Every structure is written in C-alpha cells, then in structure tokens.
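Below you'll find the structure, written out as structure tokens, and then a few comments.
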Amino acid sequence: MRKTAFLSFDWDYEITSLFYKGMEEYLSTQRDVQLVIFNAFAAYDSYEPEQGSFEVFSLCDIDQYDGFIIQGNRLWPPDMRQAFADAIRAEDKPIVSISYELDGTCYVGTDNYVAMRGLVERVLTDHHCTKAAYVNGLATSLEAQDRARGFKDACAALGVTDARFYQASWQMEEGIKAAHEMLERPDDLPEVVFCCNDLLAVGIQRTMAEYGVRVPDDVMVTGFDNREIVGTVTPRVASVDRDYATTGRTAMQTLIRLMDGEQLTHVASPVRYVLTRSCGYLDAPEESEAVSMAHMQTTYQALTHFFRLFRRFQPAVLEASSLEQILSEGEHFLRDIGCSHVYVSINDDYLKYDATRTAATYGTTSTLRVRCDTEVKISSEEEQDYKRFVTKGLLPADEPMDAQVYMVFPLRYDMNCIGTLVTEGVSPILQYGFITIILKLLSSAIENMRKKEVLRNLNLRLDNLYVHDQLTGLFNRFGLQRFGGLAYDHLLRDFALAVFIFVDIDSMKQINDVYGHEIGDLAIRDTADIIQRSMRNENAFAMRYGGDEFLLICRYNIIPKIEGELEHHKRTNSRPYDLGLSMGAYEVRASDHRSMEEAIELADERMYQVKRKRKGLK
C-alpha cells in the first residue's frame, strides 16, 4: 500500500473537513493508497500560532511516506512550511500544496485573484455600478492580498474611480465594524460591497438591515467561499463557491499522478459564482429560509449530541484522582466521537520530567494507554495493556495500521507535548471544532494531574530528607543533591559562568582540643554567618560540605567579600580563638561542559593548595 501524509493547519474546521471529505471520496476508488492526516490546530481568535503548535508535524517521518500534501494558512509561517517542503524535496518525493503556493510543489486550489476579479467585473458590469467598496481579510494573508488585488484591478479596468477599501480580518465582527464606518455617511453609501469572505458579508448585511438599509435595494453585498452561513440571512448572500471537497479530491488525485511520474506544477480548482438577490440578481431562486433551517437543524443536532456527552465527560475527568482514571474516563467518551478505533498515547518524556523541565518535543518512545472501538468492552484499569513503541510509528507494531485513513492530533498543554490522539477515519464532529474541546480538556486534566503528582512527590522528598544543616542553616549534602545541580545549571544558562569556592576553617582540631567542641561549633557557626553575609544579594548556593568545610556555587568569585566579612567579624566579636579561613576557587564556563562533581573536586584541590601554602608546606 502506498502511504501519503497530509499536514493540515487551519482554524476553520468546516473548510478542512470538506478537504478531508473530498480526499476520502477519492480514496474510496484507490484501495492501494493510505492517507495519514497530521492536524495541528490553529486558534480562531488568534493571529499568532500558539507555542508548540507545529510539534505534531515532527511525527511525520518523511521516510515512511511516498507523497505529501501541505495545507496551511498565514499562521503557519511560510519559511517553516517551505523548510518542510524542502526537506521532502531533498528525498525526491512529490508534494502538493493547498491554499498557499510553495516553491517546488504542485499547487492545487483557487486562483483567488481571477475569482475575485471575475466576480467584481460581472456585478459592476451587469448593474452599471459607479461606487463600490471592498472589505478585505487579514492583511498578511496571501489569499486576502490576491482578492484585494482582483477587486482593485477590476475597478481600474472598468473605470470605477469611487472604489473604497476597508481593511479588516476574517471575523464577522470586522464586517459589522466596516458597516458602521460606511453608515457614518448614510447619504453616500456604496452601491455594492464586495467582501473577502462570507463572514464579513453576513456581518455587513445584518448591520445594514439593523439600520434600515435594504439589501439589495439600497446596497448590494457579496461574499466569498459560499459557506453555510450565507444562508442564515435574507436575502441569501451572493458568493464564490470554491467547492473545498473538490479541491481535496483534486489534491489527492494530483498527488497520485505525481507519484506515478507526471510533471505538474499548478492545478486550478474551478469556482462557481452563486449570484443571488443580495447582489441584485432578482430572478435568482430564494433559498435562504430552507438553507438556514437545514443549517440550524444540523448544527443543533450536533451540538445536542456533543454536549450531552460532554456533560458526563467533563466532571468525570476533572474529578479524577489519577492519570489512569482520567484516561479510563476518556476511553468511555472517545468511543462516541464517530470513529471505529481511537488510540491515546502518552509521550514517555512528558511523564519523565518534573516541574522544573518541560517536554517541549516528542521523545523517541511513547506508550499506548487507551485503545477503544465501538465493539470492544471497556477494560478495567487492571486489564490495561500498556505498550511502548517508537513515537514516529504512531502506534505499536502489533496494532496494524491497515485502515485507509488515520488522523493524528496533538495532546499538548502550553509547551508540553503530552502525547497524541489517533483516530481511524475522520470524526464527524471535527467540522464543528468539538475535537479541539476534547483535546484541550483531556490535556488540561492530564497536566493538572501531573503537577499535583510532582508537588506530592516534592513534598514527600522534603519531608523525608533534611536538606539543611541543623548547626549552620546552610544546605547539607541532601541540599546539594536537590538544589546544587539546579543552581549550577541556572548560573551556566543565565551567566555562562559558575564559580565553585571551597572554604576550610584553619586549625579546627586545635580549637576543639583547646576550647572544646562547643567553641568549635561556635567557630563553624561564625564561618557560616560570614558566608551568608558575603552572599547577601548574590545569586549563590552555599552548603556545609562536612565538618569544617563549606562549598559555595556563585556567579563570580566572592572570596574578597568573604575576606572582608571575616575581618569585620574579628573586629566586632570577641572570641578566644583567631578564626582563619583557607579558600580556593575554580571557574567553570558553559563551554567547558564540566560536571558539578568535577568542579567540586577542582575547587577542593585549589583550597588545599592555599592551605599548604599558608602552612609553608611544599
């Protein structure tokens, strides 16, 4: 079986679902081709990708696939998309790009410039318009730029000089805002408003109606994409039908042709102008009410089904007391998302790290924790058969991936790659964005559980290990194990330098022999106080290393400060002994790649060199 991969990144789940539908339709005639869809979700209300959004694409092992389709929007940075395409080209494998063109790929999709220019010329010519307006989509979107250029060139070609331009984004709210700007000049409204997409057009039309402006009698309105939402207003919004299902089908067909050796660089997906009463075509059949009712009924049924399940799933997951319980509840819920098989795997690196580190990438191995389908009884926690596998394999080797379509979704929380959810086939709830709600809830519940577990373990360690020396209040060897390495890593990361200082009390045996161990303990406490005063306002770690020895890890050599504090101590405190300190320092730079243990030994040796010199030893 020939394997193909589709990398999809978009916030518009209705459009991507139509792409998938078209691909599935074509694959039903090609039984020797398998499609694996890697879906990295974008956020509808965000113009910047979330951190870690694209990490799921790292699971697409180029060596495992024979051909690739890449679909994205401007949230997927062009240089990142191009780098992925270049990596595929380096392996001499065919690539199809949808929506946005990429160098070295075969583009399949709408010619947005031609489509918009054709619509504008048709409407302006048929209705002899002399005043037009255009509401543009997101300025950084290549699709929006091409459509805006089509509008401007059409107006220029027809001599329409009163061509107003409103910069917006993709949301309906931006169309409402543009309509209010137009209504500030009620006596000089444009004859027709062309919109970069249907959401903007619906926003324009609803706002005009709210203020008593009649469509099309006073103002004509057109959209672009021919989405279901155009039927929710009266009259139905005129639009450009891009037929996304056909684009998906054509993309899949084109990829197979490339895999068979054909040379293709551009395959245009045809568009159809849906000219309705909203832009002055009064003889067009009025489908608004029927389409609106059908759209509302379909959406209502999907919402009702989903939230009936969700009301049971949410509290069960949030109240779970363990990761196993969360996944067990998830297993019950995932059986109802409309896929024959669903798999949940956890990134082994994610569970390995504590609160001080993040699993920002997928590790080499993962563990399958949930496998469910509509036929098999849910197993108990004791019956779970956890299977470890190579992460890029997507599933364990004994779980044969013999279906024709699989989808791979990321389980992610902030920068943490928690794991993956893999479905056999395309879930029917995908087009409403419900899958993202499931993934976010499941990911949040798992992350919260992990944080609780980390905190619980940390408290246990702190309860069971005394990390501070009782005599001095400085860290002891347990403190070195727990915090010394963190301090060392922190200094190298932030300052690229760490200084290890060893301090040893001179003549400690003599002090104990002459004055007794209580006075000897006083000398140790005095030394600790001197060290702590020297470290004031410094980013440093200090411990009693053992007996009369102390270790410091600092961002620079503070021996002069310690010597100054020692002299101050002698002047201001009366002691029966003369406190003396031998100190040695060793600097470690980030480029040295030296372990903490090695640095401690070298600092200790430096200190003994100083001590021998002070005693006059050679």
Side-chain angles (χ1 to χ4, degrees), residues 15 73-74 99-101 109-185 188-205 207-208 213 215-216 218-227 229-230 236-243 268-281:
I15 289 177
N73 57 28
R74 67 112 217 157
S99 300
Y100 283 77
E101 297 188 41
T110 304
D111 189 324
N112 288 282
Y113 171 82
V114 171
M116 180 59 80
R117 178 166 181 168
L119 174 67
V120 174
E121 288 181 344
R122 172 81 178 271
V123 173
L124 293 181
T125 300
D126 286 353
H127 299 294
H128 310 290
C129 298
T130 59
K131 292 192 296 184
Y134 183 75
V135 183
N136 196 29
L138 196 64
T140 55
S141 165
L142 296 179
E143 289 185 317
Q145 293 170 13
D146 287 344
R147 294 173 196 175
R149 192 162 48 88
F151 166 78
K152 293 176 180 178
D153 288 355
C155 289
L158 295 174
V160 176
T161 57
D162 190 349
R164 307 165 193 180
F165 190 90
Y166 298 84
Q167 182 59 57
S169 62
W170 297 118
Q171 284 83 12
M172 187 185 299
E173 294 77 11
E174 293 291 313
I176 294 171
K177 179 181 176 182
H180 279 115
E181 291 184 37
M182 296 176 197
L183 289 166
E184 291 176 359
R185 299 162 58 188
D188 189 29
L189 292 174
E191 296 170 281
V192 56
V193 180
F194 297 96
C195 296
C196 197
N197 75 354
D198 293 328
L199 287 171
L200 294 170
V202 171
I204 292 283
Q205 190 160 317
T207 305
M208 292 296 182
V213 177
V215 175
D218 301 321
V219 175
M220 294 181 286
V221 179
T222 75
F224 201 104
D225 292 332
N226 199 36
R227 305 279 300 283
I229 196 166
V230 298
R236 185 180 192 275
V237 174
S239 192
V240 178
D241 188 350
R242 298 175 70 184
D243 194 352
S269 184
V271 300
R272 177 175 65 91
Y273 295 130
V274 183
L275 303 175
T276 68
R277 292 180 62 248
S278 80
C279 64
Y281 293 88

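All of these numbers come straight from a predicted model, not from anything done at the bench. Here, residue 1 is the first one in the sequence, and each next residue gets the next number.
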Worksheet item: Any salt bridge between E121 and R117, counting N to O under 4.0 Å?
Response: yes
Item to complete: For the residue pair M208 and I204, establish whether any side-chain heavy-atom pair is separated by less than 4.5 Å.
Response: yes
Worksheet item: Taking C-beta and beyond as the side chain, do H180 and T207 meet within less than 4.5 Å on heavy atoms?
Response: yes
Worksheet, complete the sentence: Correct closest heavy-atom pair for L275 and A238 would be CA-CB, 4.3 Å
Discussion item. Go through it in stages, so that I can follow the logic: the residues are M182 and V219, the test is side-chain contact (heavy atoms from CB on, under 4.5 Å), and I'd like the CA-CA distance, side-chain angles, deciding distance and then a yes or no.
Written reply: CA-CA 11 Å; M182 296 176 197; V219 175; over 6 Å; no
Discussion item. Do N226 and R272 have side chains that approach each other closer than 4.5 Å (heavy atoms only, starting at C-beta)?
Written reply: yes
Discussion item. Does anything in residues 148-161 form a salt bridge (Lys or Arg N to Asp or Glu O under 4.0 Å)? List the pairs, not counting sequence neighbours.
Written reply: D146-R149
Item to complete: In plain terms, say whether R164 and E181 are close enough for a salt bridge, that is, a side-chain N and a carboxylate O under 4.0 Å apart.
Response: no
Fill in: Stepwise side-chain contact (heavy atoms from CB on, under 4.5 Å) test for V237 and V202
CA-CA 7 Å; V237 174; V202 171; 4.2 Å; yes
Worksheet item: Which atom names give the shortest non-hydrogen contact between Y134 and A144, and what distance separates them?
Response: OH-O, 4.2 Å
Discussion item. Once salt bridge (Lys or Arg N to Asp or Glu O under 4.0 Å) is applied, what residue pairs with a partner in residues 127-141 remain, sequence neighbours excluded?
Written reply: K131-D188
Practice prompt. For the pair F194 and F151, name the ring-plane relationship: parallel under 30°, tilted 30 to 60°, perpendicular over 60°.
Written response: tilted
Item to complete: Would you give the length of the straight line joining atom CD1 of I15 to atom CG of D225, rounded to the nearest 0.5 angstrom?
Response: 5.0 Å
Practice prompt. Over all heavy atoms of both residues, which pair between A201 and C195 is shortest? Give the atoms and the distance, please.
Written response: CA-SG, 3.5 Å
Item to complete: Heavy atoms only: give me the nearest Q167-L138 pair and the separation to one decimal.
Response: NE2-C, 4.0 Å
Worksheet item: Can you tell if the side chain of C155 reaches within under 4.5 Å of the side chain of L124, non-hydrogen atoms only?
Response: yes
Worksheet item: Between the side chain of T222 and the main-chain N/O of S239, is any donor-acceptor distance below 3.5 Å?
Response: no
Discussion item. side-chain hydrogen bond (donor to acceptor under 3.5 Å, both in side chains), that's the test. Do R236 and T276 meet it? Break it down for me.
Written reply: CA-CA 7 Å; R236 185 180 192 275; T276 68; 5.9 Å; no
Worksheet item: Any donor-acceptor pair under 3.5 Å linking the side chain of D198 with the backbone of R227?
Response: yes
Discussion item. Do T125 and L158 have side chains that approach each other closer than 4.5 Å (heavy atoms only, starting at C-beta)?
Written reply: yes
Item to complete: For R242 and F224, work out which heavy atoms get closest and say how close.
Response: CD-CE2, 3.7 Å
Worksheet entry | Cation-pi check, R122 onto Y273 ring (under 6.0 Å, within 45° of axis) | no
Worksheet, complete the sentence: Between R147 and the options T110, N197, N112, the side-chain hydrogen bond (donor to acceptor under 3.5 Å, both in side chains) test singles out N112
Worksheet item: Given side chains that start at C-beta, do those of C196 and E143 come closer than 4.5 Å, heavy atoms only?
Response: no
Item to complete: Applying side-chain contact (heavy atoms from CB on, under 4.5 Å) between Q205 and each of V213, V215, V193, L200, report the one that passes.
Response: V215
Discussion item. Taking C279's backbone N and O only, do any of them form a donor-acceptor pair with H127's side chain (distance below 3.5 Å, no angle check)?
Written reply: yes
Worksheet item: Is there a side-chain contact (heavy atoms from CB on, under 4.5 Å) between E174 and Y166 once you walk through the steps?
Response: CA-CA 10 Å; E174 293 291 313; Y166 298 84; over 6 Å; no
Discussion item. If I compare all heavy atoms of Y100 with all of S141, which pair ends up nearest, and what's the gap?
Written reply: OH-OG, 3.0 Å
